[in-house]
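These notes are about the structure you will find just below.
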Amino acid sequence: MTTYTTLIILSGLVIFSYLFDLVASKTKLPSVLLLLILGIGLRVLVDNLKIETFDFLKILPALGTVGLIMIVFEGSLELKYDRDKNKIIKGAFLSALVILVASVSVITFIIYEITGRDLYTCFSNAIPFSVVSSAIAIPSAAALSKKGKEFIIYESSFSDILGIILFNFAISNPHISTSSFTGLGLNTILIVVLSAISCIVLLYIMGKIAHHIKFFLIISILIMVYAIGQSYHLSALVLILSFGLFLNNADTIKYAWFRSKFIYKNLATDLTQLHQLSAESAFILRTFFFVIFGFTMNIYQLNDQIVIVNGLIMLASIFVIRVVYLKIFRRENSGAESFIAPRGLISILLYFNLPHALKIPEIGTSFLFVVVLGSSLIMSVGLLLTKKYVRAEPYTGIH
């Protein structure tokens, strides 16, 4: 494959992704679903033409991790805090926590019934299937009311964070003891302290950099701190969410000493530019991640009816749990929110990070693909069915 052919393909994927985003804004069909289908189509074409390709599975986890960081960061930069939002934040956190715990419990039982493996192995494998993907949920919530959109941004981000905490806890503690929970508490305190320090330091650096290139430096430092935190099994996604919220709300802090040291003249302009950069970076990374994931799927395994049936059972449990919880505990739910429970980027990343000894052949990538694709399809249909109840807002750009 020549250099020019590669450039044509890469730029073509970006153009298609942009068109998919425009389609998504009009139809409520997630662009991610279209990207997956595009990746599958490219795989079929390559197989028929018998073209040799690179092993994209080698780069998929790194690409997905950076994409997750940028998507959560972009979403957090849209959130303005005030005391009136405490109810939404608490509701989103409780929703993420309760639905995650209920989903893990039910899916652990389903995997146990399918495979007969020990409960610890089933529990570890259930976590990736139980986490709401902020990478899909946040852009899919763009057409909801302002409160609905904020709820989804917070809830899906909390779901990612709690899912990573639970996943790290599970794979680090095959045998649960008092020291396991002590370690979890210490790690949580450590990441909160690290987040607070990082927020202050990064804002200070932003104000002091006079060079015309500074936003990619800030993002690179953010990614590096995230990677260091994750390498020590800290849930560093807290840092990403915290930094975005802190930046977007720093100007509301009234302490004179803080304002004199950290609030600088061009902060508002820099935030606008940083948000635009993070949005476009997230768009590019999401594009290549989901196309590559679709491309790496062996779709011929989907002929296995057992995989399809078991995947549908898992999907049914995911949405029943969500609908029941939101029906009982969230009165403001427009109906559309009940369908925004996609599995995607975070599920794929957690699955690929499972230790080899814990992976179950019956719960392979084809099973994961069924759940990811199925949850997006259900969300698409649900958003279309509830469209008349949703107060749509103008489309403001690529998410």
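Predicted, not measured: the structure shown is a model, and the values here were computed from it.
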Worksheet entry | Shortest non-hydrogen contact from A126 toward T108 | CB-OG1, 3.4 Å
Discussion item. Checking the side chain of N48 only, and the main-chain atoms of V44 only, is there a donor and an acceptor separated by less than 3.5 Å?
Written reply: yes
Worksheet item: Taking a hydrophobic cluster as the set of Ile, Leu, Val, Met, Phe, Trp and Tyr residues connected by side-chain heavy atoms closer than 4.5 Å, whether directly or through intermediates, do V371 and F109 fall within one such cluster?
Response: no
Discussion item. Under the rule for ring-ring contact (aromatic ring centres under 6.0 Å, His included), what residues qualify as partners of F151, not counting sequence neighbours?
Written reply: none
Worksheet, complete the sentence: Going by chain and number, the hydrophobic cluster around Y112 (ILVMFWY, side chain to side chain under 4.5 Å) further includes L119
Worksheet item: Between S347 (side chain) and R343 (backbone), is there a donor-acceptor pair under 3.5 Å?
Response: no
Item to complete: Not counting sequence neighbours, list each pair that qualifies as a side chain to side chain donor-acceptor pair (under 3.5 Å) and has a residue in residues 121-132.
Response: D118-T121
Item to complete: Please list all pairs passing the salt bridge (charged side-chain N to carboxylate O under 4.0 Å, His left out) test where one or both residues lie in residues 246-257, with sequence neighbours left out.
Response: K80-D251
Worksheet entry | From S366 atom OG to I306 atom CD1, the distance as rounded to the nearest 0.5 Å | 11.5 Å
Worksheet item: Can a donor-acceptor pair be found between the side chains of S95 and E155 at a distance below 3.5 Å?
Response: yes
Practice prompt. Examine distances only and state if a side-chain atom of E74 and a backbone atom of H275 form a donor-acceptor pair shorter than 3.5 Å.
Written response: no
Discussion item. Please check this pair: side chain of S231 against backbone of I228, looking for a donor-acceptor N/O pair closer than 3.5 Å.
Written reply: yes
Item to complete: Could you walk me through whether L237 and V72 pass the side chain to side chain contact (heavy atoms under 4.5 Å, CB included) test, one step at a time?
Response: CA-CA 8 Å; L237 205 60; V72 172; 4.2 Å; yes
Fill in: Smallest separation among heavy atoms of V370 and G311, with atom names
CG1-CA, 4.0 Å
Worksheet item: Thinking salt bridges, do D270 and K265 make one under a 4.0 Å N-O criterion?
Response: no
Worksheet item: Side chains of F262 and W257: does their closest heavy-atom pair fall under 4.5 Å?
Response: yes
Worksheet item: Can you list the residues that meet the salt bridge (Lys or Arg N to Asp or Glu O under 4.0 Å) rule with K85, with sequence neighbours excluded?
Response: E150
Worksheet item: For the atom pair CG (L277) and OG1 (T272), what is the distance rounded to the nearest 0.5 Å?
Response: 12.5 Å
Item to complete: Answer whether the closest heavy-atom distance between the side chains of L38 and F290 falls below 4.5 Å.
Response: no
Practice prompt. Kindly give the heavy-atom pair with the smallest separation between I107 and S317, and that separation in Å.
Written response: CG1-OG, 4.2 Å
Response to the item:
For S17 and F283, the nearest pair of non-hydrogen atoms, with its separation, is OG-CE1, 3.2 Å
Worksheet item: Taking it one step at a time, do I164 and I346 satisfy side chain to side chain contact (heavy atoms under 4.5 Å, CB included)?
Response: CA-CA 9 Å; I164 292 171; I346 186 67; 3.9 Å; yes
Worksheet entry | Side-chain heavy atoms of L245 within contact of L241, under 4.5 Å | yes
Practice prompt. Please name all residues satisfying ring-ring contact (aromatic ring centres under 6.0 Å, His included) with F93, sequence neighbours left out, ordered by chain then number.
Written response: F158
Fill in: Nearest-0.5 Å distance that lies between atom CG in L368 and atom CD1 in I363
10.5 Å
Worksheet item: Is there side-chain contact between I292 and I59, with heavy atoms separated by less than 4.5 Å?
Response: yes
Practice prompt. Grab the two heavy atoms, one from G75 and one from I153, that are nearest each other, plus how far apart they are.
Written response: O-CG2, 3.9 Å
Worksheet item: What pairs with Y325 under ring-ring contact (aromatic ring centres under 6.0 Å, His included), at least two apart in sequence or on another chain?
Response: F329
Worksheet item: Given the rule that I, L, V, M, F, W and Y join up when any side-chain heavy atoms are under 4.5 Å apart, are I8 and I51 in one cluster?
Response: no
Worksheet item: Do side-chain atoms of R322 reach the backbone of E337 as a donor and acceptor pair under 3.5 angstrom?
Response: yes
Worksheet entry | Check: V14 and F288 side chains under 4.5 Å, non-hydrogen atoms | yes
Worksheet item: Same hydrophobic cluster for I328 and L100, using side-chain heavy-atom links shorter than 4.5 Å among ILVMFWY?
Response: yes
Discussion item. Per the side chain to side chain donor-acceptor pair (under 3.5 Å) rule, what does the pair list look like for residues 186-201, sequence neighbours excluded?
Written reply: none
Item to complete: Indicate yes or no: at least one non-hydrogen side-chain atom of I127 is less than 4.5 angstrom from one of Y351.
Response: no
Item to complete: Kindly determine whether Q305 and N310 satisfy side chain to side chain contact (heavy atoms under 4.5 Å, CB included), including the steps that lead there.
Response: CA-CA 9 Å; Q305 291 185 353; N310 289 333; over 6 Å; no
Item to complete: For the pair I200 and F258, evaluate side chain to side chain contact (heavy atoms under 4.5 Å, CB included) and give the outcome as yes or no after the intermediate values.
Response: CA-CA 10 Å; I200 294 290; F258 178 86; 4.0 Å; yes
Item to complete: Answer yes or no: is there a donor N or O on one side and an acceptor on the other, between the side chain of S157 and the main chain of Y154, under 3.5 Å?
Response: no
Worksheet item: Distance from I218 atom CD1 to I213 atom CD1, nearest 0.5 Å?
Response: 12.5 Å
Worksheet item: Any chain of hydrophobic side-chain contacts (each under 4.5 Å) joining I189 to L184?
Response: yes
Practice prompt. Return each pair, listed once, that meets ring pair (Phe, Tyr, Trp, His ring centres under 6.0 Å) where at least one residue sits in residues 168-189; pairs must be two or more places apart or across chains.
Written response: F169-F181
Worksheet item: Which value, rounded to the nearest 0.5 Å, describes the distance between R259 atom CZ and T252 atom OG1?
Response: 8.5 Å
Worksheet item: Quick one: are V323 and F339 in side-chain contact, heavy atoms under 4.5 Å?
Response: no
Practice prompt. Could I get the full list of side chain to side chain contact (heavy atoms under 4.5 Å, CB included) partners for K90, not counting sequence neighbours?
Written response: none
Practice prompt. Among residues two or more places apart or on two chains, list those pairs meeting side chain to side chain donor-acceptor pair (under 3.5 Å) that have a residue in residues 202-212.
Written response: none
Fill in: Taking every non-hydrogen atom, the tightest pair across A336 and L383
CB-CD2, 3.9 Å
Worksheet entry | ring-ring contact (aromatic ring centres under 6.0 Å, His included) evaluation trace for F293 with F56 | CA-CA 8 Å; F293 179 64; F56 289 104; over 10 Å; no
Fill in: Qualifying salt bridge (charged side-chain N to carboxylate O under 4.0 Å, His left out) pairs with a residue from residues 364-383, counting only residues at least two apart or across chains
none
Fill in: Interatomic spacing from CG in L13 to CZ in F295 - rounded to 0.5 Å
10.5 Å
Discussion item. Whether the side chain of K359 engages the backbone of G364 through a donor-acceptor N/O pair (distance < 3.5 Å, no angle test) should be reported.
Written reply: no
Discussion item. Quick check: is V132 connected to L315 through a chain of hydrophobic side chains (ILVMFWY, heavy atoms under 4.5 Å apart)?
Written reply: no
Discussion item. Tell me if the OH atom of Y120 is crowded by more than 12 foreign heavy atoms within 6.0 Å.
Written reply: yes
Worksheet item: Is there a side-chain contact between T65 and Y226, using heavy atoms and a 4.5 Å cut-off?
Response: yes
